[in-house]
2 protein chains.
Amino acid sequence: MNSRVIAQLAGVSQATVSRVLNNRTNVSPQTRERVLQVIEALNYTPNVLARSLATRKTNTIGLVVANIKNPFFAEIVESITNIAASQGMNIILCSTSQDHRLQRQHVRMLIEHRVQGIIMTSVMLDDSYIRTLVPNGFPVVLVNRYLPGVPADSVVIDNYSGAYEATRHFIRLGHATVGYVRGVRNTSTNRDRERGYREALNQAGIPVRRGWIFDGHYSWQGGYNAGLRFLRLRHRPTAMLCADDLTAIGFIDALYDRGLRVPDAVAVIGFDDVQEASYRPIGLTTVRQPVTAMAEAAMRLLLDRIGGYCGDPRQIVLPAELVIRKSCGANPLWYLARGEETLVADAVPVN
Amino acid sequence: MNSRVIAQLAGVSQATVSRVLNNRTNVSPQTRERVLQVIEALNYTPNVLARSLATRKTNTIGLVVANIKNPFFAEIVESITNIAASQGMNIILCSTSQDHRLQRQHVRMLIEHRVQGIIMTSVMLDDSYIRTLVPNGFPVVLVNRYLPGVPADSVVIDNYSGAYEATRHFIRLGHATVGYVRGVRNTSTNRDRERGYREALNQAGIPVRRGWIFDGHYSWQGGYNAGLRFLRLRHRPTAMLCADDLTAIGFIDALYDRGLRVPDAVAVIGFDDVQEASYRPIGLTTVRQPVTAMAEAAMRLLLDRIGGYCGDPRQIVLPAELVIRKSCGANPLWYLARGEETLVADAVPVN
DNA sequence: ATGAAAGCGCTAACAT
DNA sequence: ATGTTAGCGCTTTCAT
C-alpha cells in the first residue's frame, strides 16, 4: 500500500498526502483531517526507503563495535542508540569480532545503505582503508580507539596517563615488580596503555621484564590464559596491570581456580570500569572510561559533520580516572595515613 | 554518483551495469570487465535503498531488545547479528528500556523501514498491539518472552520448570524457607518463574510467605534494593531465588556491603547463566538459558516466515538447565553422598 | 490550497 | 548479449 491509494480514497492528489505526512502548512484543515482518517483506517505506514531516495537523507548512522558481549561496548551501544533515538536517528549495528575483513565488509554495507555517518569503536592500527573515507568528506568518528595519521574526528580517554597512574599507584603501594596483560596488540588503546605502564616503571627506575608481560585479547579467556602462564612463573611480580576489566577478571579467575586470591596473592588493576568491576566479590580497581561522556562527544562530532561542518579533524581526549576498590590491595587507612582522600568507589545506593 | 554515470563511462546501458552488479550471466566477459573497472576507478557503491525499492526486499530485519547492557540481551544480540550477517541480512537494533511507548515507536520505525521481519525479545504482557501485526502476516518472532493468546512464533525456555527445579534444589539441600526476587512483573518470564517457585514450595508443603517475595526489575539495582529490604526482615529465609543473574548479583552485593557472604548467610540461585555468573568470586548457581540455540531457533522461524511459510504459529520451548556453582551452598560431597553426578560447572579451560 | 509532472537510483520485463 | 522502458513510493518544483 502506498500514498497513491491513500490519495485516491481521500479524493486528493498524492502530493497532498505527502504534504500531510510531512506536516506542511499549506493544506486545509478539512483536507488534512480527511487524509489522516484514511491513513488511520488503512493503517498506512509511509515507506522510508522511498523517502530517503527522494530526499537523499536516510537519518541513519552506522555503529561498528568489536564485540557487543564486552560490557564496555555494550554500554557504548546503549548510550549511542539512546542519543540517536532522541535525535530521530536510526542505528544500524555491526559487530566485527575483531576481524578486519568483516569490518571492511560492514563498512561497505553501511555505505551501500547510505548511512549519513559512521561511528567506529574498534579500528585496528592497520585499518588504514578508513583513510579513504575521510578525505572524501564522509563523516566518520572514531571512539575508544584512534588511528594515528588518519585525519578523522576521534574521542578517546588519555590511556597513556591512565596506565601510567595505575602503575604509579602500584609503585606507591610498595610494589617493585609489576606485570602487564596486553589487549589486542595493534590497537591504539593497548599501545598507549602499554607505553604508560612501561614509562611509569622506567621513571621509577624499575626494569621492565619481558616475562612479566603477557598477551591477551581484551577478553576473559585472554586474561585467564595469562593467569595460567603467570602461575608457571618462577618469580612472579606482585602486581599486574590488565589491559581491560574483562582481562583482569579472567586473570583473577585463573588464580582463583588454583586457590589463590586477589589481592592477597597479587594486586590487580583493570581498565574501563564496567559494571562488573564494581560487583562486590570482585571489587576491581580500574581506570574508568566515562562511557556516556564519550558517546555524547562522539555523537556531537558526528552530527556536526553530518550538519555540514568540514573543519579540521577534532580529537577529543577525556581524562582517565583511577577508581580504587579492593583488588589493588589498597587499604583506606593507607590513604588516610598519607593525608589523602580515599578514592574508594561505590557509595552504597539507597533505593 | 549512480549506475547511470558508470554506464556512460563504460559505454554501455545502465541495465548492463545493473546486470554486472547482480552477477547476471548474460553479459560478456569483456563488457563485465570494462564495467567493473569503471566501478573500481570511481569507487562506486550501489544504492541499496533504490534496489530495495525496486525489488521490494530490504534484506533487513529488526531486533528489539529491552536493554543491551543486560549481558543476557547482549548475548542474544551478538548471536542474532552473527547469524544474520552470515545470511546476508542486516540488523536494525532498538533498545526499549522496558518502555511501552518507546517500543511501539520502534516497531513503527522498523515497519517504515520495511524490515522483512522483527525479532522481539522484550514484549510485556500488555503489548497486545503486536497482535495486529501477526494476523496481517507480518513475520514476527518473540524470543525469551512470549504473549499468551497472541498467535506469533516464539522461542522460550521452560521457565516454569527451571524455577521449579531451582526451588526443589533448595529444598533438597534442606532449606525450608525460600524467598524470591521478581523480575519485571508483566512479563511471561517472571510470571512463569514465579509460578514455578510457588508450585515447588506448595508441593513440598512449605507455605509461601508474601514478605519473602520482593520486587525487582531484572537489574542489578533491583536486586540490590531487594537485598536491603531482605536485611531488614525479622525472620529471613535461608535461600533466595532471583529472577535473573543481574538481580542475583545485586542481591549478593547488598549483603556483601553489610558484611554478609553468600552462601554462608543465604543461598542464592539466579536465572540466565550469563558469563558474569561464572566469574569465580561470584560463582552463581543459576538456570541456564541456551542463548545461542535460542537465537538460532528464532532466526530459523523468522527466515521461514520471510520465505513465505504461513502455517500455524510455532512455539519452541527449550529445556532449562540448572548450573550448580557455589552460591547455592551445594557441596560436591553432598551430591556424591547421594550418588548423583556433580553438576558443577566451569571446567577449567586450558589455553 | 491543490494538482501535475519530473525525478531519486535501482530492477525487471520486453525487445532486439 | 545488450538496450529500452516502465515502474518501486516517495518529495519537490512549478502551475493553477
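Only a predicted model underlies this, so the values are computations on that prediction, with no experimental measurement involved. In what follows, chains carry the letters A, B, and so on, assigned in the order in which the sequence lines appear, proteins first and then strands, with residues in each chain numbered from 1.
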(message) Using a 6.0 Å distance limit plus a 45 degree cone around the ring axis, check whether B:R108 lies over the aromatic ring of B:Y129.
(response) no
(message) The side chain of A:Q14 is closest to which nucleotide in this list: D:dG3, D:dC10, C:dG3?
(response) D:dC10
(message) What's B:N2 touching, base or sugar-phosphate or nothing? Going by heavy atoms closer than 4.0 Å.
(response) sugar-phosphate
(request) Could you check which of D:dC8, D:dG9, C:dG3 has an atom nearest any side-chain atom of B:A54? (result) D:dC8
(message) When you measure from the side-chain N and O atoms of A:Y44 to the phosphate of D:dC10, is any distance below 4.0 Å, counting only OP1 and OP2?
(response) yes
(message) D:dC8, OP1 or OP2 - any side-chain N/O from A:N47 closer than 4.0 Å?
(response) no
(message) For C:dT2 and A:T31 - does any side-chain N or O of the residue sit under 4.0 Å from the phosphate oxygens OP1/OP2?
(response) yes
(request) Establish, with yes or no, whether the OP1 or OP2 oxygen of D:dT12 is under 4.0 angstrom from a side-chain nitrogen or oxygen of A:T55. (result) no
(message) In this structure, how many angstroms lie between the P atom of C:dC10 and the CG atom of B:L49, rounded?
(response) 10 Å
(request) Select one nucleotide: of C:dG3, C:dG9, D:dG9, the one nearest the side-chain heavy atoms of A:S13. (result) C:dG3
(request) Write down the distance between CG (B:N59) and C1' (C:dC10), rounded to a whole number of angstrom. (result) 14 Å
(request) Would you check if the side chain of A:D272 reaches a backbone N or O of A:F72 as a donor-acceptor pair within less than 3.5 Å? (result) no
(message) Looking at D:dA1, I'd like to know if its phosphate oxygens (OP1 or OP2) sit under 4.0 Å from a side-chain N or O belonging to B:S28.
(response) no
(request) Look up atom CZ in B:R305 and atom SG in B:C310, then write down how far apart they are to the nearest 0.5 Å. (result) 7.5 Å
(message) Please tell me whether B:T45 and A:E112 have a donor and an acceptor in their side chains that are separated by less than 3.5 angstrom.
(response) no
(message) Less than 4.0 angstrom between a side-chain N/O of B:R114 and OP1 or OP2 of D:dG9, yes or no?
(response) no
(request) Could you tell me, to 10°, how much the axis swings from one end of the helix from C:dA1-D:dT16 to C:dT16-D:dA1 to the other, five pairs per end? (result) 40°
(request) Go through C:dG9, C:dA12, C:dA1 for me and flag the one nearest to the A:N26 side chain. (result) C:dA1
(request) Could you verify whether a donor N or O on one side chain and an acceptor N or O on the other, from A:S154 and A:Q315, lie under 3.5 Å apart? (result) yes
(request) Go through D:dT4, D:dT2, D:dC8 for me and flag the one nearest to the B:R56 side chain. (result) D:dC8
(message) So, taking the atom named CD in B:Q289 and the one named CD in B:E75, what distance separates them when rounded to the nearest 0.5 Å?
(response) 10.0 Å
(request) Specify the separation, in whole Å, of atom CG of B:N22 and atom C1' of C:dA13. (result) 15 Å
(request) Classify the nucleic acid contact of B:R24 as base, sugar-phosphate or nothing, counting any heavy atom under 4.0 Å across all strands shown. (result) sugar-phosphate
(request) Indicate whether the side chain of A:Y218 and that of A:T189 have a donor and an acceptor atom separated by less than 3.5 Å. (result) yes
(request) Ignoring hydrogens and angles, tell me if any N or O in the side chain of B:T55 forms a donor-acceptor pair with the backbone of B:K57 under 3.5 Å. (result) yes
(message) Check this one for me: any side-chain N or O of B:R51 less than 4.0 Å away from OP1 or OP2 of C:dT11?
(response) yes
(message) Regarding B:D127 and B:Q103, do their side chains bring together a donor and an acceptor under 3.5 Å, going by distance alone?
(response) yes
(message) Could you tell me how far apart B:R34 (CZ) and D:dA1 (C1') are, to the nearest whole angstrom?
(response) 12 Å
(request) Could you give me the CA-CA distance, side-chain angles and deciding distance for B:R300 and B:E296, then say whether salt bridge (charged side-chain N to carboxylate O under 4.0 Å, His left out) is met? (result) CA-CA 6 Å; B:R300 196 164 44 70; B:E296 279 164 3; over 6 Å; no
(request) Could you check how far CG of A:L53 sits from C1' of C:dT11, rounded to whole Å? (result) 13 Å
(message) Please classify the nucleic acid contact of A:V48 as base, sugar-phosphate, or nothing, using heavy-atom distances under 4.0 Å.
(response) nothing
(request) Establish, with yes or no, whether the OP1 or OP2 oxygen of D:dC10 is under 4.0 angstrom from a side-chain nitrogen or oxygen of A:S3. (result) yes
What pairs of nitrogen or oxygen atoms, one from the protein and one from nucleotides 14-16 of chain C, lie under 3.5 Å apart?
none

(request) Using whole Å, report how far NE2 of A:H113 lies from P of C:dC10. (result) 14 Å
(request) Specify the separation, in whole Å, of atom CD1 of A:I6 and atom C1' of D:dC10. (result) 13 Å
(message) Classify A:S52 by what it touches in the nucleic acid, base, sugar-phosphate, or nothing, heavy-atom distance under 4.0 Å.
(response) nothing
(request) Let me know the distance between NZ of A:K57 and P of D:dG9, rounded to the nearest Å. (result) 23 Å
(message) If you define the side chain from C-beta out and look only at heavy atoms, does anything of A:N90 sit under 4.5 Å from A:I61?
(response) no
